[in-house]
S.K.: 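Take this structure, written in structure tokens, and hold onto it; I'll ask about it next.
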Number of protein chains: 2
Amino acid sequence: MQLRVQTTTRSAACGPPGHEAPSSSADDGLEAVHALGMRRSIERGRQIYGDGDAADHWFRLLSGTACAVKLRADGRRQITAFLQPGDYFGFEAAIEYGFAAEALTDLELIRYPRARTEVLARTDAGIAHRFREIAHRSLDAAQRRLLMLGLMSAPERVASFLLEQFERSADGQVIHLAMSRADIGDYLGLTLETVSRAISVLKRAGLISVPNRRAICILDRDGLEELAEGEAL
Amino acid sequence: MQLRVQTTTRSAACGPPGHEAPSSSADDGLEAVHALGMRRSIERGRQIYGDGDAADHWFRLLSGTACAVKLRADGRRQITAFLQPGDYFGFEAAIEYGFAAEALTDLELIRYPRARTEVLARTDAGIAHRFREIAHRSLDAAQRRLLMLGLMSAPERVASFLLEQFERSADGQVIHLAMSRADIGDYLGLTLETVSRAISVLKRAGLISVPNRRAICILDRDGLEELAEGEAL
DNA sequence: CGTTGCGTTGATGCTTGTCAACGAACGTGG
DNA sequence: CCACGTTCGTTGACAAGCATCAACGCAACG
């Protein structure tokens, strides 16, 4: 029997950082930075930047969904983050990007020139501070994912993933998935078949329902959380 | 047949951030910060801080080895980072620490009061910038570990771990391990038995030798790298 | 109305976890 | 200094979980 020390709702961020409202001119102390941003539209399936490209810019997603992805020589693929409106990315790269960013849907983003924003950050402590917050949030998210990949079983990972999506993009009780089962698998370190089976298990357990292939309805959120926290199924 | 695009030595950092020389008064732009630090000694096995403690301080390791560790309700354990001299840690926590830090050996560290260093960072853009570098390095390290846990097999992980240790703490060709097999397992998302078996495999393959239980000698570094990059064994 | 892509499900095998025994190193106390 | 117990690492036998291979169903699209 365990005391449940933290029943608090886990912090909403899960893609790299987060900022809830994707407004491009939030009064968040970054006005001088936002002034440097260029709005862009990217269509589904296209790369935003490639692994190894010169990291001249960093980005903020306005609408749509993207992912950060690393491809290995043998074809294995790891998605390190799903990105949603409000998320910053490409931020941690100093010289070259360490992975690619791809559009999972048509999307809009703002592109910031690194050199010029760096100049701002070097002279304006407020901006530097906000940038650091963003980096810390990304780090926090990455560490949560370490725990997921390091010590969760397949159903636990899927439950955890669904809760993550639920926190971030819930529309009532329904999650709309922008990504395929294969993408989810590459995110969770599983195969697409294992993801599919785990979803079926959750469905049979009455925790979720699956109205169609790209939507999932959360029926028992507490049940999902217990599963994700390791209280077994 | 694959072209080897990046034969460049991977960046040395692997624990959170990194700064090669563990001098406490490096002229790195942090003099005003270092002035706030309190030197401490911690003995082997003791906790530096606990999961959920108020994050009043952050730390820099001067000597010895520590680890950042998360314990789950069911007893499963994940080590998110091994910390070596020069590493900063406890940096990303805003209010509470998200995991514990433990001393694997007797060690010395410097403890910085968060509130006071935050004040400095808010007014001094140079310090804020250095802090951001530290956060970015931690993030970069965490993302490399995501790849490890997400898509490497057991022998690949162990090879990757040994190379990591080799980069950071090599003494000639020999690595001295401050941690047990169980700790390595908790770091790699494997059991101690699997770690032990993987080490035996590497030994039989002639890539390493194991003079004693806490030392490992790198015999074929390129072979280890090929294995870690997925060129099979 | 066929084609194509995606998701589901089943059968099977490999990798890793689990349980257990053994052995080597270390520390303690006689 | 040696006998002892304790801890840690290694190895083996077996089980479980997940990956792989393959077939099938369903929906979207031309």
Side-chain angles (χ1 to χ4, degrees), chain A residues 44-45 72 74-78 104-105 148-162 175-205 208-217 227 230 232-233, chain B residues 44-45 72 74-78 104-105 148-162 175-205 208-217 227 230 232-233:
Chain A
R44 177 189 161 138
R72 277 182 49 144
D74 56 12
R76 281 182 281 182
R77 205 169 83 117
Q78 173 75 25
L104 291 175
T105 63
M148 184 160 87
L149 295 178
L151 39 76
M152 282 187 177
S153 70
E156 287 169 352
R157 292 184 206 193
V158 172
S160 185
F161 166 76
L162 292 177
I175 309 167
H176 289 282
L177 300 174
M179 65 295 284
S180 69
R181 300 290 188 265
D183 291 332
I184 298 172
D186 290 341
Y187 181 68
L188 299 178
L190 301 170
T191 60
L192 63 94
E193 293 95 333
T194 301
V195 171
S196 180
R197 279 184 244 272
I199 289 175
S200 299
V201 168
L202 299 181
K203 196 167 60 179
R204 277 192 293 270
I208 62 173
S209 66
V210 185
N212 68 65
R213 47 177 63 183
R214 286 296 172 111
I216 293 202
C217 188
L227 178 55
L233 187 70
Chain B
R44 177 189 162 139
R72 277 181 51 143
D74 56 12
R76 282 181 279 182
R77 205 170 83 116
Q78 174 76 26
L104 291 174
T105 63
M148 184 159 87
L149 295 178
L151 41 74
M152 282 187 178
S153 70
E156 288 168 352
R157 291 183 206 193
V158 172
S160 186
F161 166 76
L162 292 177
I175 309 167
H176 288 282
L177 301 173
M179 67 293 285
S180 70
R181 300 290 189 264
D183 291 331
I184 298 172
D186 289 342
Y187 180 68
L188 298 177
L190 301 170
T191 59
L192 64 94
E193 293 94 333
T194 302
V195 171
S196 181
R197 280 185 242 273
I199 289 176
S200 298
V201 168
L202 299 182
K203 196 167 61 178
R204 277 192 292 271
I208 61 173
S209 65
V210 185
N212 67 66
R213 48 176 62 181
R214 285 296 170 110
I216 292 200
C217 187
L227 177 56
L233 187 68

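Atom set for the values below is all heavy atoms of this structure, side chains included, hydrogens, waters and symmetry mates excluded. Since the structure is predicted, the reported quantities are computational estimates derived from the model, not experimental observations.
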S.K.: Using atom CD of E156(B) as one end and atom C1' of dT16(C) as the other, report the distance to the nearest whole Å.
M.R.: 14 Å

S.K.: D186(A) and R77(A): which non-hydrogen atoms are nearest, and at how many Å?
M.R.: OD2-NE, 2.6 Å

S.K.: Rounding to an integer number of Å, can you tell me how far D186(A) CG sits from dC18(D) P?
M.R.: 16 Å

S.K.: Rounded to the nearest 0.5 Å, how far apart are CG of D74(A) and CD of E156(B)?
M.R.: 7.0 Å

S.K.: Specify the residues of residues 209-217 of chain B, ordered by number, for which at least one heavy atom lies under 4.0 angstrom from an atom of DNA chain C.
M.R.: R213(B)

S.K.: Atom CG of L151(A) and atom P of dG17(D): how far apart are they, to the nearest Å?
M.R.: 16 Å

S.K.: What integer distance in Å separates L192(A):CG from dT9(C):P?
M.R.: 13 Å

S.K.: M179(A) has an atom CE; how far is it from atom C1' of dG7(C), in whole Å?
M.R.: 16 Å

S.K.: Counting only heavy atoms from other residues, nucleotides and ligands, does the tally under 6.0 Å from CZ of R214(B) exceed 12?
M.R.: yes

S.K.: Could you please name the option among dT8(C), dG9(D), dT16(C) that lies closest to any side-chain atom of S180(B)?
M.R.: dG9(D)

S.K.: Could you go over nucleotides 19-21 of chain D and give all protein N or O partners under 3.5 Å, atom names and distances?
M.R.:
from: dA19(D); atom 1: OP1; to: T191(A); atom 2: N; distance (Å): 3.3
from: dA19(D); atom 1: OP2; to: T191(A); atom 2: N; distance (Å): 3.4
from: dA19(D); atom 1: OP2; to: T191(A); atom 2: OG1; distance (Å): 3.1
from: dA19(D); atom 1: OP2; to: T194(A); atom 2: OG1; distance (Å): 2.2
from: dT20(D); atom 1: O4; to: R197(A); atom 2: NH2; distance (Å): 2.8
from: dC21(D); atom 1: N4; to: E193(A); atom 2: OE2; distance (Å): 3.2

S.K.: What is the distance from CG of L149(A) to C1' of dT16(C), rounded to the nearest Å?
M.R.: 16 Å

S.K.: Would you list the atom pairs, donor with acceptor, under 3.5 Å between side chains in residues 188-199 of chain B and any protein atom, with sequence neighbours excluded?
M.R.:
from: T191(B); atom 1: OG1; to: T194(B); atom 2: N; distance (Å): 3.3
from: T191(B); atom 1: OG1; to: T194(B); atom 2: OG1; distance (Å): 2.9

S.K.: Rounded to the nearest angstrom, tell me the gap between atom CZ in R181(B) and atom P in dA24(C).
M.R.: 16 Å

S.K.: Is S200(B) close enough to dT11(D) that one of its side-chain N or O atoms is under 4.0 Å from OP1 or OP2 there?
M.R.: yes

S.K.: Given atom CG of D183(A) and atom C1' of dG7(C), what is their separation to the nearest angstrom?
M.R.: 13 Å

